[in-house]
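Residue numbers start at 1 and run along the sequence shown. Just so it is clear, the values below take in all heavy atoms, side chains as well, and ignore hydrogens, waters and symmetry mates. Order of appearance sets the numbers: ligands from 1, and atoms from 1 within every ligand. Since this is a predicted model, take the numbers as computed values, not measurements.
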Amino acid sequence: MFNGITQFPNNFLWGGATAANQIEGAYLADGKGLTTIDLMPLGPSRNQVALGNLDSFVPKEGEFYPSHEAIDFYHRYKEDIALFAEMGFKSFRMSISWARIFPNGDDLTPNEAGLQFYDAVFDELLKYNIEPVVTICHFDLPVNLAKTYGGWKNRIMIELFEKYSTTLFERYKNKVKYWMTFNEINMLLHLPYTGGGIIFEEGENRQQVLYQAAHHELIASALAVKACHEIIPNAKIGCMLAAGNVYPYSSNPEDYWEVMNMERESYFLIDVQSKGEYPGYAKRFFMEHDIHLELGPQDLEILKKYTVDYIGFSYYSSRCTSSDPEILKNFTDGNVFGSVINPYLETSEWGWTIDPKGMRITCNQIYERYNKPLFIVENGLGAQDVLLENDIIEDDYRIEYLDSHFAEIAEAIKDGVEIIGYTSWGPVDLISNGTGEMKKRYGFIYVDKNNDGSGSLRRIRKKSFYWYKEIIADNGAKYFQK
Ligand code: BG6
């Protein structure tokens, strides 16, 4: 009666994913304003800025800011896109820098030169039949919005974002069909400055500030969904979650309860974006933590009416937790939120847990929770590559990582999970968001650049470049062969 699914969908969007602030550089070119990420230095203070504990509204003498040049995609996008096309990309996920369009965020009119840059990038992608997948806000805000208004703390951000996103939909309505509102919206709760341009003032109730800011982002996201559907009826617009399933350290029910709490903390915001209302567990959390959201008169209706079309998510690692404080001390790093060391799994050079099966579990979990198509918009391995003589880079560890994850994505598809596409993180080496380093490389394409900014910026194909090209060429057929 059931024949089973025997391949990746025909129009599966294989590709790669990036963010403006991690690739473009040209940080003040053609009228662009400074962004929050342009003021996040390499080195020890980066994390304090990201956490919102240290303000960084003006460049400081002696600091190095990796985004200022990044990998200079701004001037090299044709070369990079040609390489993506050579690999056979069907899609390219990128973000737009808000400050190229509205340099201060609250300008009356958009910056035409900024709009033209993205026109040129989209045209170049479309020339090769590569579908642009656009994140409207991937962490970087015009710094003026953080400085003048306190970032997403302030409700005024909703109308500024509405103006920004509507400008994009109007301008690119014939070029872009896939949109996403906020990158990893749940990061706001963990990295308030990175996620929302928020710096805490002394004595401020941090949780109140964070959840109010999150509410503003949720309303802004819902209004972007509304505008997108009105302006580009055939477009799809999604949310974006930093995902990764959580395991209990033991079978103790208390451990499992910790798992649920951790997962809910992640899902909470996209529960609202996808289902249109605050879940019961969130209301209880607000009540018990003395959090009082200020709501506009239409807010709940807006959330209800304008839910997302698909769920975009990043998956790098699974996590593990425990109710035992002693076990909680055995911690390893991860994509911002770390994890109790899982004795069954290996970790990357940066301590991130490697768990291909977690990819299948995560796909199934999210699909069952929302019943909407999924788009895996980030996944990959950050590693130090060695450039050998004759421009050879043997990144077998990356191939192994991706291969094992693709196998599990195929299993999830066989499980019946609907997946639109897969864009691996950083198809060309780029600046690490977490550390600001260059040496944490994810790419199929090596960029000759070092942590201190030195290097020729030359692009070099790695072994994984040819491997990914073959996978795309037959639509991942090997993962469906018995
Ligand atoms: C995600 C972000 O959290 O993880 C990206 O959306 C980021 O911007 C990626 O680069 C990998 O993290 P990192 O810290 O290795 O760059």
Side-chain angles (χ1 to χ4, degrees), residues 15-24 35-38 40-43 46-47 49-51 66-67 70-71 73 92-98 133-141 180-196 217 238-244 266 269-270 311-319 332-339 347-354 359 362 375-385 397-398 401-402 405 422-443 447 449 451:
T18 59
N21 71 82
Q22 291 169 267
I23 58 167
E24 286 179 4
T35 69
T36 46
I37 310 287
D38 289 333
M40 287 186 49
L42 178 76
R46 187 177 182 88
N47 200 38
V49 176
L51 290 167
S67 75
I71 57 157
F73 179 80
F92 177 56
R93 175 178 175 233
M94 53 182 273
S95 74
I96 290 185
S97 172
W98 191 338
V133 177
V134 172
T135 319
I136 299 172
C137 184
H138 191 126
F139 297 152
D140 49 349
L141 301 181
M180 250 168 283
T181 54
F182 294 97
N183 180 62
E184 298 188 331
I185 191 164
N186 48 323
M187 281 297 180
L188 174 66
L189 306 175
H190 304 274
L191 295 177
Y193 191 69
T194 304
E217 285 198 3
C239 56
M240 169 25 175
L241 161 80
S266 291
L269 298 176
I270 68 158
I311 315 293
F313 68 92
S314 61
Y315 174 86
Y316 292 91
S317 310
S318 58
R319 286 183 283 163
T332 183
D333 268 344
N335 190 7
V336 181
F337 14 73
S339 164
T347 56
S348 78
E349 285 175 78
W350 270 263
W352 295 22
T353 306
I354 299 176
M359 172 66 100
T362 299
F375 201 154
I376 304 167
V377 293
E378 280 186 38
N379 168 245
L381 179 72
Q384 300 194 61
D385 296 323
Y397 36 88
R398 182 167 295 109
Y401 177 99
L402 294 171
H405 284 73
Y422 170 94
T423 55
S424 113
W425 178 250
V428 51
D429 292 345
L430 38 64
I431 304 290
S432 157
N433 171 61
T435 66
E437 292 169 298
M438 244 337 273
K439 71 171 187 200
K440 190 178 186 190
R441 298 171 183 275
Y442 287 86
V447 176
K449 182 163 182 175
N451 277 0

Query raised in the report: What do the steps show when you test E24 against S97 for side-chain hydrogen bond (donor to acceptor under 3.5 Å, both in side chains), and what is the final call?
Result: CA-CA 9 Å; E24 286 179 4; S97 172; 4.9 Å; no
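- Looking only at protein heavy atoms, the nearest one to atom 11 (C) of ligand 1 is Y442 OH, 3.4 Å.
- Less than 4.0 angstrom separates some heavy atom of H138 from each of these atoms of ligand 1: 2 (C), 5 (C), 6 (O), 8 (O).
- No hydrogens or angles considered: nothing links the side chains of R398 and S424 as a donor-acceptor pair under 3.5 Å.
- Of all non-hydrogen atoms in I311 and C239, the two that sit nearest each other are CD1-SG, 3.9 Å.
- Looking from atom 1 (C) of ligand 1 to the surrounding protein, the closest heavy atom is E378 OE1, 3.0 Å.
- Near K440, the atoms of ligand 1 lying under 4.0 angstrom from a non-hydrogen atom of the residue are 13 (P), 14 (O), 15 (O).
- Within ligand 1, counting atoms from 1 as listed, the ones closer than 4.0 Å to a heavy atom of Y316 are 4 (O), 9 (C), 11 (C).
- For the pair I431 and ligand 1, the shortest N or O to N or O distance does not fall below 3.5 Å.
- Residue S432 approaches ligand 1 through these ligand atoms, each under 4.0 Å from one of its heavy atoms: 13 (P), 14 (O), 15 (O), 16 (O).
- In terms of heavy atoms, T194 sits closest to N433 at CG2-OD1, 4.1 Å.
- For the pair F92 and P427, the tightest heavy-atom approach, listed with the atom from each and the gap, is CE1-CG, 4.4 Å.
- Here the heavy atom of the protein found nearest to atom 3 (O) of ligand 1 is E184 OE1, 2.5 Å.
- Screening K439, R441, K440, E349 for a side-chain hydrogen bond (donor to acceptor under 3.5 Å, both in side chains) involving Q384 leaves a single residue, E349.
- The protein atom (non-hydrogen) at minimum distance from atom 16 (O) of ligand 1 is N433 N, 2.7 Å.
- No option in T18, N21, N183 other than N183 meets the side-chain hydrogen bond (donor to acceptor under 3.5 Å, both in side chains) test with H138.
- Closest non-hydrogen pair, H190 versus L51, comes out as O-CD2, 3.5 Å.
- Within the 4.0 Å heavy-atom criterion, neither part of W350 lies near ligand 1.
- Protein heavy atom at the shortest distance from atom 14 (O) of ligand 1 is G434 N, 2.8 Å.
- Closest to atom 10 (O) of ligand 1 among all protein heavy atoms lies Q22 NE2, 2.8 Å.
- Ring geometry for W425 versus Y442: interplanar angle over 60°, hence perpendicular rather than tilted (30 to 60°).
- The protein atom (non-hydrogen) at minimum distance from atom 12 (O) of ligand 1 is W352 CH2, 3.4 Å.
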